[in-house]
Amino acid sequence: MAMNAHHDLFDEARARDIIAGLAGLEGAALPMLHALQEAFGYVDRRAIPLIADVLNISKAEAHGVVSFYHDFRDAPPGRHVLKLCRAEACQARGVEALAQRLEAKHGCVAGETGLTGALTVENVYCLGNCALAPAALFDGEPVGRLDAARVDAIVATCGSAPK
Ligand code: FES
C-alpha cells in the first residue's frame, strides 16, 4: 500500500458517506471504525465527532470505543507494516531482543512509523504461528523463525538503509 505520511489522507465527505452507510447497523460504531480504517489506513481523530453525531453518543463514548480496541491506528501506517507477535511462545523464543534491535538499530519503535514513513511496526498477540516462533506478519504475509538477520533483511526490503 503506497502512502505518503505527509499528505493529509483524511477526506471528511468520504468519511461521512462511510459512516452514514453503516448507521443502520446494530452496534454500528465498530463496523464504522473498521470501514474507516479500511478506507484511510487509520482512524483519523476528526472522524470521531462525526460518528458520535450519527449515533447520538458523546465524543468521549465514541473515543472510548476506539481506544478500547487495539486494532485501530490513529495515524497513517508506513508503506510497509510488520506485525510482530509479542505473545508467550514468541516471547520465549526471543522476540523481545528483536523488538529492541528494531528500535535501537533501525529506529522502528512499535506503534510508530519509522524509516521516514517506510515501515510501521505493530505489536500483535499470537498469530497462530507459534510453531515457527518468533513469528510476524510482513505486509500480511506470515514470516516465522525470525532472527536478527531476518529482521535486518525485512528492514532492508523497506528501502531505507539501517542507521
Ligand atoms: S505466540 Fe506468537 S504466534 Fe503464537
Side-chain angles (χ1 to χ4, degrees), residues 1-7 9-10 15 18 22 25-45 47-48 51 60-163:
M1 196 177 358
M3 281 194 191
N4 181 343
H6 302 294
H7 173 71
L9 301 166
F10 189 65
I18 291 169
L22 296 167
L25 290 183
E26 190 146 338
L30 261 189
M32 284 173 180
L33 292 166
H34 278 294
L36 290 166
Q37 180 153 297
E38 183 73 18
F40 298 106
Y42 73 109
V43 177
D44 195 288
R45 61 169 57 89
I48 305 301
I51 293 179
E61 281 175 274
H63 188 77
V65 179
V66 183
S67 38
F68 182 78
Y69 296 94
H70 299 285
D71 295 349
F72 302 116
R73 299 185 187 101
D74 62 2
R79 288 189 297 281
H80 299 278
V81 178
L82 181 69
K83 292 177 189 267
L84 197 58
C85 175
R86 307 297 287 268
E88 212 173 308
C90 293
Q91 289 285 358
R93 294 278 185 147
V95 72
E96 204 54 47
L98 299 177
Q100 275 165 19
R101 184 180 184 87
L102 276 163
E103 201 169 320
K105 182 167 182 194
H106 301 296
C108 296
V109 181
E112 290 176 15
T113 302
L115 302 177
T116 58
L119 176 65
T120 298
V121 177
E122 295 178 343
N123 294 329
V124 290
Y125 296 89
C126 197
L127 295 162
N129 200 13
C130 315
L132 296 181
L137 283 179
F138 180 54
D139 291 341
E141 294 294 321
V143 281
R145 299 213 170 94
L146 279 175
D147 56 18
R150 281 199 178 176
V151 163
D152 291 353
I154 285 170
V155 172
T157 306
C158 296
S160 268
K163 276 195 255 181

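All values below come from the heavy atoms of this structure, side chains included, with hydrogens, waters and symmetry mates left out. First listed ligand is number 1; within each ligand, the first listed atom is number 1.
Atoms CD and CZ, on Glu96 and Arg86 in that order, are 4.5 Å from each other to the nearest 0.5 Å. For the atom pair CG of Asp152 and CG of Leu98, the computed distance is 9.5 Å after rounding to the nearest 0.5 Å.
The backbone N or O of Leu132 sits nowhere less than 3.5 Å from a side-chain atom of Arg93 that would complete a donor-acceptor pair. Judged by distance alone, with hydrogens and angles left aside, the side-chain atoms of Arg73 form a donor-acceptor pair with the main-chain N or O of Gly41 at under 3.5 Å.
Heavy-atom contacts from other residues, nucleotides or ligands closer than 6.0 Å to NE2 of His63 number 12 or fewer. Counting heavy atoms of neighbouring residues, nucleotides and ligands inside a 6.0 Å radius, atom CZ of Phe68 does not exceed 12 of them.
For atom 2 (Fe) of ligand 1, the set of protein N/O/S atoms nearer than 2.8 Å consists of Cys85 SG, Cys90 SG, ordered by chain and number.
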